[in-house]
Protein chains: 2
Amino acid sequence: MRTDLRVIKTKEALHNALLEVLDEKSLDDISISEICRKAKVNRGTFYLHYAQVENLFEEYFKEITADLARSYQEPYRHVTVLNTKELNPDTIRIFHHIEKYQHFYRIVFSKKVPLLYYYLLFEEIKQLLLKDQEAILHEEIDHELHCSYQANAIIGIIIDWYHKDFIYSADYLNRQLVQIVNIQSGNSKGT
Amino acid sequence: MRTDLRVIKTKEALHNALLEVLDEKSLDDISISEICRKAKVNRGTFYLHYAQVENLFEEYFKEITADLARSYQEPYRHVTVLNTKELNPDTIRIFHHIEKYQHFYRIVFSKKVPLLYYYLLFEEIKQLLLKDQEAILHEEIDHELHCSYQANAIIGIIIDWYHKDFIYSADYLNRQLVQIVNIQSGNSKGT
DNA sequence: GATTTTACTGTACACCTGTTCAATAAAATT
DNA sequence: AATTTTATTGAACAGGTGTACAGTAAAATC
């Protein structure tokens, strides 16, 4: 069978305990012992499921990036981000997603946290772009490399946003992204 | 005075010890105790200078990114990366720099390592772009946001490169980057 | 409902962490 | 060369880490 009731219960207890402690202190100085005390779970049991506190947090994070994929694909299906002519600020839901889960992304982008979360976010966005752009293939350009470029460029904007304490609105960043992506075509038209 | 001889000696001993241990195991499971034993330095002394093993490594990293800035500015001064018409594959020295210090960047990009190093690299590249592009300002586009976008896009390519175990040559990636940056202008010309 | 399977517990161990403090030794300053 | 300053040491502390293993209890299976 897939799910032993005992496993579900312990994992739930650990999840709740982590969320409780995350309100008090930052992820990097939460100890396994502390979580287990709060969850009333033996410390040995923790190691049966996870290796570090970070792995426990990872489970939350994956739920959240799942929401990213859902919200991205919902309103306009198969609308490309790179096909600049048709680029509509409303098609990009990434910034709104980050804004919505700001609390979590403050943790994900804090400098003491392992790179792992960054890669999870990167891969999620990259996969969305890869699917979206199956149609638009440029000769001589490695398609995957291109998506890595584009996905991480977007995260670059998010990093800037994070370092400025999320003062911009998601809508503003959408408009900026459209402007940036359109620079070259704008220039070559002579604007 | 700036530099007590004792400080220089201990730091040197710790630096050498770290390099020694890095050949045996990965950064994230090197203990402070181990480094101190090898360096013949009291553990308490370590904490007088650093808080974690990561802070010791950070000193190396900053030396390396200093080389990045040097090699970037040397061959062609003030040649822009974003002004696509003049973009020459030879002007971008970043990929060659990464290739040269591959051994270090394998550590920097490993998923267990703190995000801090990523930010150090990001900021370095962003600063290079910010200086380079003082001339080319686009109305309606936040200049800093634009550089964050561009800097992180380049790192996106590097991440892809890292995940493919650096199989591409730096020259190939330079050519790819030029192609990608030129996509829009190429399209609007009708190619 | 009885049996088998397996998740969890409690205890123990060697080691690492971060901090404190008086004693020492090696610098810098005079 | 004598004195002052300060980096380093060693020892000790409470707590965390990761692992192992036998015993227990709660599931799943029959």
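Every chain is numbered from 1 and lettered A, B, ... according to where its sequence line falls, protein lines coming before strand lines.
For A:K9, no side-chain nitrogen or oxygen approaches OP1 or OP2 of C:dC8 to under 4.0 Å. Taking 4.0 angstrom as the limit, A:H49 places a side-chain polar atom (N or O) nearer than this to OP1 or OP2 of C:dC8. A sub-4.0 Å separation between OP1 or OP2 of C:dC15 and a side-chain N or O of B:R43 is absent. Contact check, A:S33 against D:dT17: a side-chain N or O comes under 4.0 Å of OP1 or OP2.
The separation between A:D29 atom CG and D:dT17 atom C1' is 16 Å, rounded to whole Å. Here the C1' atom of nucleotide D:dG10 and the OH atom of B:Y47 are 16 Å apart, to the nearest Å. In this structure, B:D4 atom CG and D:dT6 atom P are separated by 10 Å, rounded to whole Å. In this structure, CD1 of A:I8 is placed 12 Å from P of C:dA7, rounded to the nearest angstrom. Atom CD1 of B:I35 is separated from atom C1' of C:dT17 by 13 Å (rounded to the nearest Å). Protein atom CZ of B:F46 is 12 Å distant from nucleotide atom P of C:dT19, rounded to whole Å.
For A:L48, counting side-chain heavy atoms from C-beta on, the closest listed nucleotide (C:dG18, C:dA7, D:dT17) is C:dA7. Listed nucleotides: D:dG18, D:dG16, C:dT17. Nearest to the side chain of A:R37: D:dG16. Of the listed nucleotides (C:dC16, C:dT6, C:dA26), C:dT6 has the atom at the smallest distance from the side chain of A:R6. Which of C:dT6, D:dT8, C:dA27 sits closest to the side chain of B:V7 comes down to D:dT8. The side chain of B:N42 lies closest to D:dT9, out of C:dT6, C:dA25, D:dT9. When distances are taken from the side chain of A:T10 to each of C:dT19, D:dT17, C:dC8, the shortest belongs to C:dC8.
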Quiz prompt | Stepwise ring pair (Phe, Tyr, Trp, His ring centres under 6.0 Å) check, A:F104 with A:F57 | solution = CA-CA 10 Å; A:F104 268 94; A:F57 182 79; 5.8 Å; yes
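Hydrophobic clustering, with ILVMFWY side chains joined whenever heavy atoms are under 4.5 angstrom apart, groups B:L19 together with B:Y101.
Side-chain atoms of B:Y149 and B:D142 include no donor-acceptor pair closer than 3.5 Å. In summary, the side chains of A:D171 and A:S169 do not present any donor paired with an acceptor at a separation below 3.5 Å, with no hydrogens or angles considered.
Using a 4.0 Å heavy-atom cutoff across all strands shown, B:I32 reaches sugar-phosphate atoms only and no base atom. Nucleic acid contact class of A:T45 (heavy atoms, under 4.0 Å, all strands): base. If you check every strand for non-hydrogen atoms under 4.0 Å, B:K11 touches nothing.
Annotation: of the two residues near DNA chain C, A:V41 and B:I30, the 5′-most nearest-nucleotide partner is A:V41.
Look at A:D4 and A:K9 and you find no salt bridge, because none of the NZ, NE, NH1 or NH2 atoms lies under 4.0 Å from a carboxylate O.
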